[in-house]
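Heads up, the thing below is written out as structure tokens.
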Amino acid sequence: MKKLRVMSVFGTRPEAIKMCPLALELASRPELESLVCLTGQHREMLDSVMDTFGLRPDYDLDLMEAGQTPSSVTRRVLEKLGETLEQVRPDLVLVHGDTTTTFAGALAAFYAKIPVGHVEAGLRTWDRWSPYPEEMNRCLVGRLAEYHFAPTRRNRENLLREAVEGKIFVTGNTVIDAMRYTVGDGSRPFACDTLNSVDFFGRRVIAMTCHRRENYGQPMENIFSAVAELARSYPDALVIYPVHLSPTVQAAARRHLASIPNVLLTAPLDAGDMHRLMARSYLVMTDSGGLQEEAPALGKPVLVLRRETERPEAVEAGTVALAGTEKAQILRMAAELLDDADKYAAMAHAANPYGDGHACRRIADAILWGFGLRSQPPEEF
Ligand code: UD1
Ligand code: UDP
């Protein structure tokens, strides 16, 4: 029997963390041929994830350029992926989330008349400018895709509100599946040696990340200035910030934070280290999407360094709070969690609104059902 060819296309760190476990699941199904095509929108940060999951790409478009923009990445993905799709002619192309790779990957598949499956579909802020350009990328992929793998019921409702075409499945988020590979029992030493010398028992560690394009400029200045003041006010705390490789972020982070003794700036961590760092931290401060899903599963409170979130489920579960991008408010909310044990305890409980670790199985089953190779659709998350 001819196998169904499913090509997973991804290119940045978060897509890779959430697509690698799915690629492994697809490869384990006898009815499927699983192909991985990297756009290479990211390089070091992407290769590190592939190593973590022990995956090798079937195709690598190797597109990253210094100073790239969403337009330049879109153009190159359309050209190069278009050629690859014409050669390979998969039966289905899977894209993930909301990056330039996601949008351009889906559009290239549409132009090649190949059906598109969108993993992590239906997240919305309903503000086209924030996150920028991700909110628009998600909406456009919602129009292009024929299979929508929505992590939560709310995500499905968002898609229904937009009357997208095709089939919607509520699967949970594959990031929770990924954490089964990365966290383990939490006792493994860090690959980054600096982290092995941190006294996680004697100090309250704040794990932080910040990289989003809509925070470039004044919001990022405010955030870093707040973190600098927080560190100075709480010398017993230690902020650990693996800095994204974007030159804009690197420059701003070093200017504000490099000289503060209880702020530790590191290179980007591999996914296992990042997850284990959060597991051993007191608090997480971040503008990342993925961390908002991971930290609640680890029982860690999260202050989101943004004005809105497309992930309200954890806010409702009480483990995530929006701290915005104004210095005074970030400082006030962080200080509250450091000073007020009751407030801290109220947020520090494990919640899993984003998944149960079986999203990849559901997505693989949904694909088989969609192509007539299985009699029942998967149960909902
Ligand atoms: C992209 C995504 C964003 C996602 C983020 C995850 C878009 C529009 N944005 O933003 O949604 O949250 O990835 O991290 O797709 N760089 C390196 N090495 C790397 C990775 C990046 O040097 O391994 C540098 C490059 O100089 C690049 C810059 O970082 O030009 C920015 O990367 P880019 O993919 O354009 O945007 P991100 O801000 O990473
Ligand atoms: N991450 C990582 N190393 C780091 C910082 C983050 O592995 O140094 C992981 C993090 O655990 C999450 C993902 O990268 O799984 C989030 O990626 P990012 O913050 O770059 O993008 P976003 O989720 O905001 O799109």
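For ligands, and for the atoms within them, numbers begin at 1 and follow the listed sequence.
Protein residues lining ligand 2, listed by chain and number: Arg13, Pro14, Ile17, His211, Arg212, Pro242, Pro268, Leu269, Asp270, Ala271, Met274, His275, Ser288, Gly289, Gly290, Leu291, Glu294 [non-hydrogen atoms, distance under 4.0 Å].
Between Glu25 and Arg362, no side-chain nitrogen of the basic residue sits less than 4.0 Å from a carboxylate oxygen of the acidic one, so the salt-bridge criterion is not met.
For a threshold of 3.5 Å applied to N or O pairs, the pair formed by Thr101 and ligand 1 contains no separation below that value. Considering backbone and side-chain atoms alike, Arg13 places every N or O at 3.5 Å or more from each N or O of ligand 1. For the pair Gln68 and ligand 1, the shortest N or O to N or O distance falls below 3.5 Å. The distance criterion of under 3.5 Å between nitrogen or oxygen atoms is not met by Thr12 with respect to ligand 1. For ligand 1, none of its N or O atoms has an N or O atom of Asn137 under 3.5 Å away. Checked by distance only, ligand 1 and Pro247 stay at 3.5 Å or farther apart across all their nitrogen or oxygen atoms.
Scanning the protein heavy atoms around atom 18 (N) of ligand 1, the nearest turns out to be Glu44 OE1, 2.8 Å. With hydrogens left out, the protein atom closest to atom 36 (O) of ligand 1 is Arg213 NH2, 3.3 Å, a heavy atom. Nearest non-hydrogen protein atom to atom 22 (O) of ligand 1 is Met64 CE, 3.5 Å. The protein heavy-atom contact nearest to atom 5 (C) of ligand 1 is His211 NE2, 3.7 Å.
Of the candidates Ala16, Pro268, Ser246, Ser246 brings a heavy atom nearest to atom 29 (O) of ligand 1.
For Lys18 (side chain) and His96 (main-chain N/O), no donor-acceptor pair under 3.5 Å exists by modelled atom type.
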